[in-house]
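Beneath this line is the structure, given in structure tokens, with notes to follow.
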Number of protein chains: 2
Amino acid sequence: MQPARRLYRRESEESRRTALILATQELVAEGGPEAATVRAIAERAGVTPGLIRHYFQSKDELSRAAYRALMDGMTAKGADAIEGVGAGPEERLAAFIAASLRPPVLDAGAVVLWAGYMHKVRSDPDLMAVHEASYLAYRDTLQQLIETLPRVVKPGQTRVEAIACNALIDGLWVEGSLLPGTFGPGEVITIGLSSISAILGLNLLDHTAMLPDFGKTTP
Amino acid sequence: MQPARRLYRRESEESRRTALILATQELVAEGGPEAATVRAIAERAGVTPGLIRHYFQSKDELSRAAYRALMDGMTAKGADAIEGVGAGPEERLAAFIAASLRPPVLDAGAVVLWAGYMHKVRSDPDLMAVHEASYLAYRDTLQQLIETLPRVVKPGQTRVEAIACNALIDGLWVEGSLLPGTFGPGEVITIGLSSISAILGLNLLDHTAMLPDFGKTTP
DNA sequence: CCGACTGTTATACGCGCGTATAATCGTGCG
DNA sequence: CGCACGATTATACGCGCGTATAACAGTCGG
């Protein structure tokens, strides 16, 4: 007697692709790149391995799509953070910074996922372009927020400041995600805001009244 | 007729172990974790695959050793940088920072290597301990350098400052290594020194006369 | 309601992986 | 000088990988 053939439902191309991409991201985040095999991805997405090749020319193409989705998602979350907030320049900048240093952006899985793709980014010009575009877009948003601040600046100053603030946020993002027990709740945000305040010569901690999950941990 | 058996020389346990560890690091740096197979490692180290199991219980143990060596090497380079420099607190701090933002520490291979081990660090308590110790050692050196600066500080202030400076250096290290074309020569060091100056409330750029490969790019 | 289209599953292939173990030979010691 | 020890090589095994392809079945227009 033959075992019953697996039942299935047809679904849209988009939902299949996103399910496969999501499964890939989850597996890389949990177990590193080598855990994201076609069989594991298919199982997580609720399909059989062969279907991956129906929607992606190769596993590598699926990997690239997953990386693109990761980067797009992270920049989108940054843009969201300054969407629903007031018009004050300091307030908007503080909200943008805080959003990058709080879950779901501040997350060990996200860091592992990002790190897992790093060598592919270096070796694949296509992914390198995605990385560079994403990095520069984030930095550019940061720079525009900085330029709206009520200050007098020298030419070229805001570019350097944006690079520094970006690096500071990146570093806090990595260490805050990897060693969460080393910092108190909200401490990473506080450190980010105070340090960037020092770099820019202002005080962002006075503009955090509206931030979620914040206030109880600030002095 | 049989092909000739490969000739070989006996070598010390230490030289074999370091050769295997170095080969592993190089391969991960060049092609990511999946490029460091036992066969590729053995070839790079000039031995046959079986020998790996003679010196390491498993490939995983070799991987752990390679990660430990990476972290030890990076902290050692930081310590070296403040070894041969003068006694001025600002000068020593500036030398320490600059050393982390210049080759061989600022290097794409090093970043890819570091990133390639990230998920193992998360899942292996032994490696997590190595990471945490290495991170805290670096941060502690930074904090001690900051505490010798001629300033009046509030209690707990230097810890927060060390965390921020560490994060800033980490972020500049990653982006400066991954996108070297985006920054001018020495610009990463300049940005690091000026930003940390702002965080600490002093001017480190006046204490960089002795730094190698520096001076021509500062304003 | 039925047939064709195609999304989906099932199965197989070859390769390279980490590992295990036996054969070999360089070398230091008596 | 020779012999025994063990560092090193050689070979093989089984598994899981990515991929290719044929068989099947859900679905939709007529």
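FYI, side chains are in, hydrogens and waters are out, and symmetry mates aren't considered; it's all heavy atoms of this structure. Lettering of chains follows the sequences in order, A, B, ..., and the numbering in each one begins at 1.
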Selection: residues 118-126 of chain B, any non-hydrogen atom under 4.0 Å of DNA chain D: none

Side chain B/Glu61, main chain B/Gln57, donor-acceptor under 3.5 Å: yes

Short side-chain to backbone donor-acceptor contact, A/Thr18 and A/Ser15, under 3.5 Å: yes

Sub-4.0 Å heavy-atom contacts from residues 22-33 of chain A onto DNA chain D, ordered by number: none

Donor-acceptor under 3.5 Å (B/Arg139 side chain, B/Asn166 main chain): no

Of all pairs that satisfy ring pair (Phe, Tyr, Trp, His ring centres under 6.0 Å), the ones with a partner from residues 99-123 of chain A, not counting sequence neighbours: A/Tyr67-A/Tyr117, A/Trp114-A/Trp173

Whether A/Gln25 side chain and A/Ala66 backbone form a donor-acceptor pair below 3.5 Å: yes

Closest listed nucleotide, where the reference is the side chain of B/Arg9 and the choices are C/dT8, C/dT27, D/dA7: C/dT27

Protein N or O to nucleotides 2-6 of chain D N or O, pairs below 3.5 Å:
unit_1, atom_1, unit_2, atom_2, d
D/dG6, N2, B/Arg10, NH2, 2.2
D/dG6, N3, B/Arg10, NH2, 3.0

Tabulate protein N/O versus nucleotide N/O from nucleotides 28-30 of chain D, keeping only pairs under 3.5 Å, one per line.
none

Any A/Arg6 side-chain nitrogen or oxygen under 4.0 Å from OP1 or OP2 of C/dT8: no

Heavy-atom donor-acceptor pair, B/Lys120 side chain to A/Gly32 backbone, under 3.5 Å: no

Side-chain N or O of A/Arg5 closer than 4.0 Å to phosphate OP1/OP2 of C/dT9: no

Side chain B/Thr24, main chain B/Ser63, donor-acceptor under 3.5 Å: no

DNA chain D contacts among residues 36-48 of chain B, heavy-atom distance under 4.0 Å: B/Val47, B/Thr48

